[in-house]
2 protein chains.
Amino acid sequence: MARAATTADAFNAVAEPRRRQILDLLAGGERPVNDLVARLELAQPLVSKHLRVLREVGLVDVRDEGRQRMYRLNGRPLKAIHDWVKDYEQSWTQRFDRLDVVLEQLKDMEDGDGSDK
Amino acid sequence: MARAATTADAFNAVAEPRRRQILDLLAGGERPVNDLVARLELAQPLVSKHLRVLREVGLVDVRDEGRQRMYRLNGRPLKAIHDWVKDYEQSWTQRFDRLDVVLEQLKDMEDGDGSDK
DNA sequence: GAATCATATGTCCATATCGGAATATGTCAA
DNA sequence: TTGACATATTCCGATATGGACATATGATTC
């Protein structure tokens, strides 16, 4: 098996920075492809491809407006990500004041210091 | 260019479900590889490879303990993800009470309803 | 030193990616 | 109809994946 498809879920879709940029732009409101192409300074086909991925994961919705296609953000699939990460919030917020942990870390630093074995 | 490496950043590292499972397990405390292999019911080399990715992104730290290697969670790199997603929280929390939005959505549903063109 | 346990690395395969270039589809305007 | 504009799709190449399998490295015990 190879790596999971980018369309497998929001996690994979959002792993690509350009796709995050697109969502960031759409967070400011509905926009036609054209507009995104201009702002991202990316080739039009690329933008269309990224939008396809986002569509398949449900992160954006489309609406036809004449010859333009208006894309709109749909953040719902991001909830899964948020729900997962939020449980780790303490892991970077916490103060390391437990003595045993601190000692363990100091010990690691010494060990890793690479004297000539 | 191909897809970004899984070791490019936390976003990519965490896109793989098994890697998330590993972090979830480590959230419960330091664990040797062995332990993870048993709990994940995954081939040992696979677990080692996933751990490598997590290590390269800084999501886990290792410590040698005799012939075992104790892996420990380091959530800090997840902050970037949290910071990004949290701005979208309202996008799935919000009540759709703006009339224009509601109408737009209804219109889309009709349009998409696929009568014969 | 030899055997054993714990972990890491290397090779192979099938698959899917992102990007670029060219081209197809679809809509409006003259 | 013809042409211009907006967007999507297809084909290509380079790359990296996750998994299976075999093997290497490293520490411990006998």
Side-chain angles (χ1 to χ4, degrees), chain A residues 1-22 25-26 30-57 60-72 111-112 114 116-117, chain B residues 1-22 25-26 30-57 60-72 111-112 114 116-117:
Chain A
M1 198 184 272
R3 206 200 303 200
T6 53
T7 56
D9 55 33
F11 279 96
N12 282 280
V14 158
E16 161 67 61
R18 267 60 174 269
R19 245 132 37 200
R20 261 173 279 148
Q21 285 184 45
I22 293 182
L25 287 174
L26 292 180
E30 214 184 22
R31 279 198 169 70
V33 180
N34 224 357
D35 194 294
L36 297 173
V37 171
R39 293 181 196 256
L40 296 171
E41 295 183 313
L42 231 60
Q44 175 267 314
L46 261 208
V47 175
S48 277
K49 282 178 195 169
H50 284 312
L51 285 171
R52 186 155 148 67
V53 173
L54 293 173
R55 235 185 302 137
E56 295 194 32
V57 182
V60 300
D61 293 321
V62 212
R63 182 172 62 92
D64 284 17
E65 171 104 6
R67 49 180 147 186
Q68 294 190 311
R69 308 201 79 196
M70 305 299 285
Y71 278 84
R72 185 194 326 140
D111 291 354
D116 60 316
K117 170 46 155 325
Chain B
M1 195 187 275
R3 207 201 301 204
T6 54
T7 56
D9 56 31
F11 278 97
N12 282 279
V14 156
E16 163 66 60
R18 267 62 174 263
R19 245 130 42 198
R20 261 173 280 148
Q21 284 182 46
I22 292 182
L25 287 175
L26 292 180
E30 214 184 23
R31 279 197 168 72
V33 180
N34 224 356
D35 194 294
L36 297 173
V37 171
R39 294 180 195 256
L40 296 172
E41 296 184 310
L42 231 60
Q44 175 268 315
L46 261 208
V47 174
S48 276
K49 280 179 193 169
H50 283 312
L51 285 171
R52 186 153 147 70
V53 173
L54 293 173
R55 232 186 305 136
E56 295 195 29
V57 182
V60 299
D61 292 322
V62 211
R63 182 173 63 91
D64 284 18
E65 171 105 6
R67 49 180 149 187
Q68 294 190 311
R69 309 202 79 198
M70 305 298 287
Y71 278 84
R72 185 194 325 138
D111 291 354
D116 59 316
K117 168 45 141 342

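Order of the sequence lines sets the chain letters (A, B, ...), proteins ahead of strands, with each chain counted from 1. For clarity, every value in this text was computed on a predicted model and none was experimentally measured.
Residues of residues 13-22 of chain A having a heavy atom closer than 4.0 Å to DNA chain D: none are found. In the region residues 36-46 of chain B, proximity to DNA chain C at under 4.0 angstrom, judged on heavy atoms, holds for Q44(B), P45(B).
Distance CG (D64(A)) to C1' (dT7(D)): 10 Å, rounded to an integer number of Å. What separates CD of E56(A) from P of dA16(C) is a distance of 12 Å, to the nearest Å. Between the CZ atom of R31(B) and the P atom of dA6(C) there is a distance of 17 Å, rounded to whole Å. Computed from coordinates, the Q68(A) CD to dA8(D) C1' distance equals 15 Å when rounded to whole Å. One interatomic measurement links the two molecules: CG of D35(B) to P of dC5(C), which rounds to 18 Å at whole-angstrom precision.
With a 4.5 Å cut-off on side-chain heavy atoms, V37(A) and L42(A) do not count as touching. Looking at R55(A) and V62(A), their side chains come closer than 4.5 Å, going by heavy atoms from C-beta outward. Between L51(B) and Y71(B), some side-chain heavy-atom pair lies under the 4.5 Å cut-off.
With rounding to the nearest 0.5 Å, the separation of CD in E30(A) from CZ in R72(A) is 5.5 Å.
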Side-chain polar contacts of residues 1-10 of chain A - donor-acceptor pairs under 3.5 angstrom, sequence neighbours left out - could you list them?
{"residue": "R3(A)", "atom": "NH1", "partner": "A4(B)", "partner atom": "O", "Å": "3.4"}
{"residue": "R3(A)", "atom": "NH2", "partner": "A4(B)", "partner atom": "O", "Å": "2.9"}
{"residue": "D9(A)", "atom": "OD1", "partner": "F11(A)", "partner atom": "N", "Å": "3.1"}
{"residue": "D9(A)", "atom": "OD1", "partner": "N12(A)", "partner atom": "N", "Å": "2.9"}
{"residue": "D9(A)", "atom": "OD1", "partner": "N12(A)", "partner atom": "ND2", "Å": "3.0"}

Residues 43-50 of chain B, side-chain donor-acceptor partners within the protein, below 3.5 Å, at least two apart:
{"residue": "Q44(B)", "atom": "NE2", "partner": "S48(B)", "partner atom": "OG", "Å": "3.2"}
{"residue": "H50(B)", "atom": "ND1", "partner": "R19(B)", "partner atom": "NH1", "Å": "3.2"}

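Taking 4.0 Å as the cut-off between side-chain N and carboxylate O, R69(B) and E65(B) do not count as a salt-bridged pair.
R67(A) meets the side chain to side chain contact (heavy atoms under 4.5 Å, CB included) test with no other residue; sequence neighbours excluded. The side chain to side chain donor-acceptor pair (under 3.5 Å) test applied to R18(A) returns no partner, not counting sequence neighbours. With sequence neighbours left out, Q21(B) forms a side chain to side chain donor-acceptor pair (under 3.5 Å) with no residue at all. Scored by the side chain to side chain contact (heavy atoms under 4.5 Å, CB included) test, R31(A) finds L26(A), D35(A), L36(A), R39(A) as partners (sequence neighbours excluded). The side chain to side chain donor-acceptor pair (under 3.5 Å) check on R20(A) picks up nothing, with sequence neighbours excluded.
Among dG19(C), dA8(D), dG18(D), the nucleotide with an atom closest to any side-chain atom of R55(A) is dA8(D). Listed candidates were dG18(D), dT17(C), dA8(C). Nearest to the side chain of L51(B) is dA8(C). When distances are taken from the side chain of K49(B) to each of dA16(C), dA8(D), dT11(C), the shortest belongs to dT11(C).
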Nucleotide N/O of nucleotides 28-30 of chain C paired with protein N/O under 3.5 Å:
none

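The phosphate of dC5(D) (OP1 or OP2) has no side-chain N or O of N34(A) nearer than 4.0 angstrom. Side-chain N/O atoms of Y71(A) include none lying less than 4.0 angstrom from OP1 or OP2 on dA6(D). For R69(A) and dA6(D), the shortest distance from a side-chain N or O to OP1 or OP2 is not below 4.0 Å. Contact between the side-chain N/O atoms of R52(B) and the OP1/OP2 oxygens of dT9(C) is found at a separation under 4.0 Å.
Among the heavy atoms of the strands lying under 4.0 Å from T6(A) are primed sugar atoms or P, OP1, OP2 only; no base atom is included.
Residue order along DNA chain C, read from the 5' end via each residue's closest nucleotide, puts M70(B) first among M70(B) and T7(A). Nearest-nucleotide assignment on DNA chain D puts the 5′-proximal partner with V33(A), out of A4(A) and V33(A).
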